[in-house]
Participant: 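If you scroll down you'll find the structure; I have some questions about it.
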Amino acid sequence: MNSKKIKINLVTGGAGFLGSNLINKLMKNNEIVICLDNLFTGDIDNIKQWINHPNFDFIEHDVIDPIEINVDRIWHLACPASPIHYQINPIKTSKTSFLGTYNMLGLAKKNKARILLASTSEIYGDPEVNPQPENYNGSVNTTGIRSCYDEGKRIAETLCSDYKRIHNLDIRIIRIFNTFGPKMQINDGRVISNFIVQALKGLPLTIYGDGKQIRSFCYVDDLIKGMIKLMESNFSEPINIGNPKQFTILEIAKIIKETINPDLKFIYKSLPQDDPIQRQPDIQKAIKELKWHPETDFEDGLNLTIKWFSEILKK
Ligand code: NAD
Ligand code: UDP
């Protein structure tokens, strides 16, 4: 007899880009999943294949309000992630990060559930060291247009750490670096989705600043594997998950232009305030503690993402 108890997974933000990719993986592993989302940046289409499945439930709910449900695992992803979205209502973004995390920690405490917080490389701000290891404390503006998100995630990490210290809560903190792939929204606003959608529509690619700022991009399947490995591990300190391969934004634009339409032009727009100049994960901890490293080449992930957006744009 298999005495292993089937776990109930709550995925907040489950209708979004990462949440819906995570749900696909959990559902394919025959787990029970409750998706909780207020549909601010998420799309019900992302989870529609599971709506009538007996192992799946969807609750339309805002994490800033408390909720009572029975759960064993909480994957706390609810929060807009793209700068254009988290800046629409920055006060709401701060509330989502603080109150949303506070409510989910309360729920985890009541249920004695393990909780994973989706944190971000943004907690390092505009870093003075490259790559960024987990013990780098960051360089963050507290009053700028990105602060609602950056500081929101920092206080969310603080809350998790204090619940661990004071209530012995079983926490996991994943610091996610820029990730891309299928199920991003057309209007997501982040660089890879913007460039692909612009290129597929024959529009010029919008480069902010001189395009020399550096990012590293992780394909979503790799990220989700790392997230699941972290949840299953005993590691309760913050951990970076991302792909260390670096690109300038101009290099990304050139690759996407050559892949989709070599005739495209670039247009240059001003660099948004506090836009980090460089960002690259140090993933030594993930390699050692989780035996995780990214496996997908940027170009392979890009082709899968282009295919996704081509199909969406045909609808
Ligand atoms: P997304 O915007 O696609 O998804 C966020 C989801 O959260 C959406 O479905 C949205 O409707 C929901 N949501 C937002 N506010 C909510 C609220 N108050 N109550 C309930 N639901 C709410 O973003 P994503 O890229 O899937 O990011 C998911 C998580 O991962 C976020 O917490 C984000 O900060 C983190 N993260 C993502 C990246 C990345 O590159 N994608 C990088 C770093 C961190
Ligand atoms: N960016 C750009 N053109 C766009 C969208 C973004 O040049 O159409 C730049 C943006 O200024 C930043 C980088 O690309 O320097 C990554 O932006 P994104 O919003 O994807 O992520 P983040 O800034 O949060 O790393």
Side-chain angles (χ1 to χ4, degrees), residues 11-23 35-44 46-47 59-65 67 75-87 89 92-93 95-97 99-101 103-104 116-123 126 146 149-150 152-153 156 174-181 183-185 187-198 203-218 220 223-224 227 240-242 247-250 252-253 256 266-279 281:
V11 181
T12 77
F17 163 47
L18 296 183
S20 58
N21 276 286
L22 171 66
I23 286 175
C35 170
L36 183 154
D37 204 296
N38 70 352
L39 301 179
F40 172 44
T41 53
D43 188 340
I44 209 81
N46 278 341
I47 48 166
I59 303 175
E60 190 168 341
H61 181 83
D62 196 305
V63 287
I64 69 169
D65 299 318
I67 188 164
W75 309 75
H76 180 38
L77 277 66
C79 186
S82 168
I84 58 161
H85 291 142
Y86 67 65
Q87 287 163 14
N89 187 344
K92 176 70 191 275
T93 301
K95 283 172 77 177
T96 295
S97 280
L99 289 175
T101 305
N103 286 329
M104 288 307 126
L116 176 146
L117 169 72
S119 185
T120 169
S121 54
E122 294 285 331
I123 64 103
D126 191 1
R146 292 175 87 100
Y149 183 74
D150 300 9
K153 291 289 183 176
I174 177 171
R175 290 186 181 153
I176 303 170
F177 283 65
N178 298 57
T179 303
F180 71 103
K183 294 193 186 287
M184 291 182 104
Q185 298 294 309
N187 66 353
D188 183 89
R190 281 173 279 188
V191 67
I192 301 273
S193 51
N194 267 11
F195 284 176
I196 294 177
V197 172
Q198 288 161 350
L203 299 170
L205 309 191
T206 50
I207 295 174
Y208 302 163
D210 58 11
K212 289 190 184 142
Q213 63 272 38
I214 291 168
R215 293 291 187 278
S216 19
F217 296 93
C218 187
V220 64
L223 187 281
I224 298 299
M227 193 183 275
N240 292 338
I241 298 284
F247 295 91
T248 66
I249 295 306
L250 204 51
I252 295 291
I256 292 179
F266 297 157
I267 48 168
Y268 288 82
K269 299 200 165 187
S270 53
L271 189 69
Q273 186 199 5
D274 290 338
D275 199 287
I277 296 304
Q278 57 184 5
R279 199 155 59 206

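The first residue of the sequence shown is numbered 1, and numbering continues consecutively from there. Remember, it's 1-based here, ligands and their atoms both numbered in the order they're listed.
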Participant: Out of the candidates R175, R279, K153, only one should pair with E122 under the salt bridge (Lys or Arg N to Asp or Glu O under 4.0 Å) rule; please name it.
Facilitator: R279
Participant: Would you mind writing out a table of all protein N or O atoms found under 3.5 Å from any N or O atom of ligand 1, naming both atoms and giving the distance to 0.1 Å?
Facilitator:
from	atom 1	to	atom 2	distance (Å)
ligand 1	2 (O)	T41	OG1	2.7
ligand 1	3 (O)	F17	N	2.9
ligand 1	7 (O)	C79	N	3.4
ligand 1	9 (O)	G16	N	3.0
ligand 1	9 (O)	D37	OD1	3.2
ligand 1	9 (O)	D37	OD2	2.5
ligand 1	9 (O)	G42	N	3.3
ligand 1	11 (O)	D37	OD1	2.6
ligand 1	11 (O)	N38	OD1	3.4
ligand 1	11 (O)	F40	N	2.9
ligand 1	11 (O)	T41	N	3.1
ligand 1	11 (O)	G42	N	3.0
ligand 1	13 (N)	N38	OD1	3.4
ligand 1	18 (N)	D62	OD1	2.9
ligand 1	18 (N)	T96	OG1	3.2
ligand 1	19 (N)	V63	N	3.0
ligand 1	21 (N)	N38	N	3.2
ligand 1	21 (N)	N38	OD1	3.2
ligand 1	25 (O)	R190	NH1	3.1
ligand 1	25 (O)	R190	NH2	3.0
ligand 1	26 (O)	F17	N	3.3
ligand 1	26 (O)	L18	N	2.8
ligand 1	32 (O)	L77	O	2.7
ligand 1	32 (O)	K153	NZ	2.7
ligand 1	34 (O)	Y149	OH	2.5
ligand 1	34 (O)	K153	NZ	3.0
ligand 1	40 (O)	T179	N	2.9
ligand 1	41 (N)	R190	NH1	2.8

Participant: Applying side chain to side chain contact (heavy atoms under 4.5 Å, CB included), run through F217 and T179 and close with a yes or a no.
Facilitator: CA-CA 5 Å; F217 296 93; T179 303; over 6 Å; no
Participant: Could you tell me if the side chain of I207 sits less than 4.5 Å from the side chain of K269, heavy atoms only?
Facilitator: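 No, their side chains stay 4.5 Å or more apart.
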Participant: Side chains of L203 and V197: closer than 4.5 Å at any heavy-atom pair?
Facilitator: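 No, every pair of side-chain atoms sits at 4.5 Å or beyond.
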Participant: Check ligand 2 for N or O atoms under 3.5 Å from a protein N or O and list each pair with its distance.
Facilitator:
from	atom 1	to	atom 2	distance (Å)
ligand 2	3 (N)	T206	O	2.6
ligand 2	7 (O)	Y208	N	2.9
ligand 2	8 (O)	N194	ND2	2.8
ligand 2	8 (O)	T206	O	3.3
ligand 2	8 (O)	T206	OG1	2.9
ligand 2	8 (O)	Y208	OH	3.4
ligand 2	11 (O)	D275	OD2	2.7
ligand 2	15 (O)	Q213	NE2	3.0
ligand 2	15 (O)	R215	NH2	3.4
ligand 2	15 (O)	D275	OD1	2.5
ligand 2	15 (O)	D275	OD2	3.4
ligand 2	20 (O)	V191	N	2.8
ligand 2	21 (O)	N178	ND2	3.4
ligand 2	23 (O)	R146	NH2	3.1
ligand 2	23 (O)	R215	NH2	3.3
ligand 2	24 (O)	E122	OE2	3.2
ligand 2	24 (O)	R146	NH2	3.1
ligand 2	25 (O)	N178	ND2	2.9
ligand 2	25 (O)	R215	NE	2.7
ligand 2	25 (O)	R279	NH2	2.3

Participant: How would you list, by chain and number, every residue that makes a side-chain contact (heavy atoms from CB on, under 4.5 Å) with N187, sequence neighbours excluded?
Facilitator: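 Per chain and number, N187 pairs via side-chain contact (heavy atoms from CB on, under 4.5 Å) with H85, Q185.
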Participant: Which residues satisfy the side-chain hydrogen bond (donor to acceptor under 3.5 Å, both in side chains) test with N38, sequence neighbours excluded?
Facilitator: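 N38: side-chain hydrogen bond (donor to acceptor under 3.5 Å, both in side chains) contacts with D62.
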Participant: Under a 3.5 Å distance rule, please check whether Q213 uses its side chain to pair with a backbone N or O of D275 as donor and acceptor.
Facilitator: no
Participant: Looking at P276 and D126, what are the two nearest heavy atoms and their distance?
Facilitator: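 Closest approach of P276 to D126: CA-OD1, 3.4 Å.
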Participant: What is the minimum heavy-atom distance between G211 and T248, and which atoms define it?
Facilitator: O-CB, 3.5 Å
